[in-house]
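Accompanying notes for the structure given below.
Hydrogens, waters and symmetry mates play no part in the numbers below; they use all other heavy atoms, side chains included.
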Amino acid sequence: MPMPTEERVSRLVAGLVEDRGFDLEGVEISAAGGQARVRVIVDSDDAADLDRIAELSTRLSDRLDEADDFGSTRYLLEVTTPGIGRPLTAERHWRRARGRKVRVTLRPETPAPEPGCPPQFEARVGALAGDAVTLIVGGKRAPHPVIVALRDIANAVVEVEFSPPGARELELAGGVAPGRPPAGADAAETAEGTVAASDSIEGTME
């Protein structure tokens with residue numbers, strides 16, 4: 001029996017994810033050794049603690065069992081939050097990334113936010129206002145804000161950061177979004193993307 005598509009699993013779990021205060025950020029399905037791996041990526045404005053993730057994992061496993069889309073194929077369910085390197089593609093992503101360091105790529109033909117700014121640059125995410133975001137450029141030595149319209153950004157990815165930012169740099173960004181790890185804490189946050197791995201639910205649909 002073929003495995004269900006990621007779109008199908010997304011439809012199955014979306015309601016349960018939203019009912020528990022999360023946003024569904026993606027579903028990934030892979031297979032190896034006769035077993036399927038189902039990875040459900042969720043996020044929220046509040047801190048996603050392990051208890052909430054574990055409870056959601058149980059509910060989603062029950063839902064997948066009821067649907068019986070995997071037939072006799074064993075599956076491993078992982079419910080996780082976005083990790084380092086996640087792209088920022090929606091306004092909520094920018095809001096939750098406030099205070100974090102990102103690599104930004106502007107769309108072709110987009111005017112530079114300030115003279116001499118290259119089409120790809122590093123910045124710290126500041127406040128989101130309407131359809132534009134404040135980005136703190138200049139690093140620790142010369143931090144200053146520029147405003148960039150979201151429509152002008154082709155790609156933006158949160159970067160790994162092992163040392164704390166400068167105080168002025170973080171002040172201009174407005175601090176880190178509530179419920180998020182402090183900036184520069186990636187040495188301890190490397191496992192953020194697999195926070196629910198130890199709470200994975202394995203099921204067999206027969």
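For the pair Asp45 and Arg180, the salt-bridge criterion is not met [side-chain N within less than 4.0 Å of a carboxylate O]. Looking at Arg20 and Glu55, a side-chain N of the basic residue comes within less than 4.0 Å of a carboxylate O on the acidic one, giving a salt bridge. Checked for salt-bridge contact, Asp69 and Arg63 miss the test: no charged N lies under 4.0 Å from a carboxylate O. For the pair Glu169 and Lys101, the salt-bridge criterion is not met [side-chain N within less than 4.0 Å of a carboxylate O]. A salt bridge is absent between Glu91 and Arg95: the closest approach of a Lys/Arg side-chain nitrogen to an acidic carboxylate oxygen does not fall below 4.0 angstrom. Classification of Glu6 and Arg39 as a salt-bridged pair fails, no side-chain N sitting under 4.0 Å from a carboxylate O.
Residue Leu106 is grouped with residue Val158 when hydrophobic side chains (ILVMFWY) are merged at heavy-atom distances under 4.5 angstrom, including chains of intermediate members. Note: the hydrophobic cluster containing Ile136 does not contain Val102 (ILVMFWY, side chain heavy atoms under 4.5 Å, direct or indirect links).
For the atom pair Lys140 NZ and Ser163 OG, the distance stands at 4.0 Å (nearest 0.5 Å). A distance of 12.0 Å separates CG in Leu172 from CG in Leu135, rounded to the nearest 0.5 Å. With rounding to the nearest 0.5 Å, the separation of CD in Glu7 from CD1 in Ile29 is 11.0 Å. A distance of 13.0 Å separates CG of Asp131 from CH2 of Trp94, quoted to the nearest 0.5 Å. Separation of atoms CG (Leu150) and CG (Leu128) is listed at 6.0 Å; rounding is to 0.5 Å.
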Residue pair Asp152, Arg107: steps toward the side-chain contact (heavy atoms from CB on, under 4.5 Å) verdict: CA-CA 6 Å; Asp152 292 338; Arg107 296 188 184 280; 5.6 Å; no
Please lay out, stage by stage, how Glu25 and Arg92 fare under the test salt bridge (charged side-chain N to carboxylate O under 4.0 Å, His left out). CA-CA 11 Å; Glu25 298 293 354; Arg92 65 177 182 272; 2.9 Å; yes
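Side-chain atoms of Ser61 never come within 3.5 Å of backbone atoms of Ser57 as a donor-acceptor pair (strictly under, hydrogens ignored).
Side chain to side chain, Asp65 and Tyr75 meet the donor-acceptor criterion of an N or O pair below 3.5 Å.
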